[in-house]
Amino acid sequence: GAGVSQSPSNKVTEKGKDVELRCDPISGHTALYWYRQSLGQGLEFLIYFQGNSAPDKSGLPSDRFSAERTGGSVSTLTIQRTQQEDSAVYLCASSLVGGGLKNIQYFGAGTRLSVL
Amino acid sequence: AQTVTQSQPEMSVQEAETVTLSCTYDTSESDYYLFWYKQPPSRQMILVIRQEAYKQQNATENRFSVNFQKAAKSFSLKISDSQLGDAAMYFCAYRSGYETSGSRLTFGEGTQLTVNP
């Protein structure tokens, strides 16, 4: 696609429910990133996928958070048993991989998650 | 761990004037990249300008330029001839140049820029 696409744009859920957020990266980008943007914590890294390598999950805040990337393209971020503190904007980015500035990250418009 | 600090939560500028947004960072690495991203109300982060740490020359992109002071670990953004469309949240970001450190971006807290007509 022309840019990084995220869906849904907005999601309202009840505390304790599971949610899935989707990211469709730019075609040909082998690297994919998830970030969370919240009022209290600012912008923080969650997880990074690169090709067939094991993902870097070091930013996931708890075991309620998981992500997968199927076929090296679309990624889904799943939050189980949502809590009110999970309310945030979840941003996805993709990039090429290579030295120097080849791996500029391009962002989607994010999913605003509200947990009631 | 690297940190990025933006000490100006809000800034305002008159249309057609010049404004400078501040950013400082802390790192022990010698190979890294610095970025300024703009986030309008649409939420989509847009890359404004980037700088490789090994380059002494300051990056410029049309009305946007940076003042990169490596020794002081400072990376400020200057916007010349400000336009109404420049109004947005601006984030300074750091990325390591070492593969072992990963490709994640570390962001500052952001500066909300208002452009007054």
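Chain A is the first sequence line, chain B the second, and so forth, proteins listed ahead of strands; every chain is numbered from 1.
Remark: A/Leu39 CG is loosely packed, at most 12 non-hydrogen atoms of other residues, nucleotides or ligands lying under 6.0 Å away.
Contacts of B/Ile46 with chain A are absent, with no heavy-atom separation under 4.5 Å from either backbone or side chain. Contacts between A/Thr111 and chain B at a heavy-atom distance below 4.5 Å involve the backbone alone (N, CA, C, O). With a threshold of 4.5 angstrom between heavy atoms, B/Tyr37 approaches chain A through side-chain atoms but not through N, CA, C or O. Looking at A/Gln50, neither its backbone nor its side chain comes within 4.5 Å of chain B, counting heavy atoms on both sides.
With hydrogens and angles ignored, the 3.5 Å screen pairs no side-chain donor or acceptor of A/Arg22 with any backbone N or O of A/Ser7. Formation of a donor-acceptor pair under 3.5 Å by the A/Thr82 side chain with backbone atoms of A/Lys17 is found in this model.
Within the 6.0 Å centre-distance limit, the rings of B/Tyr94 and B/Tyr32 are counted as a close aromatic pair.
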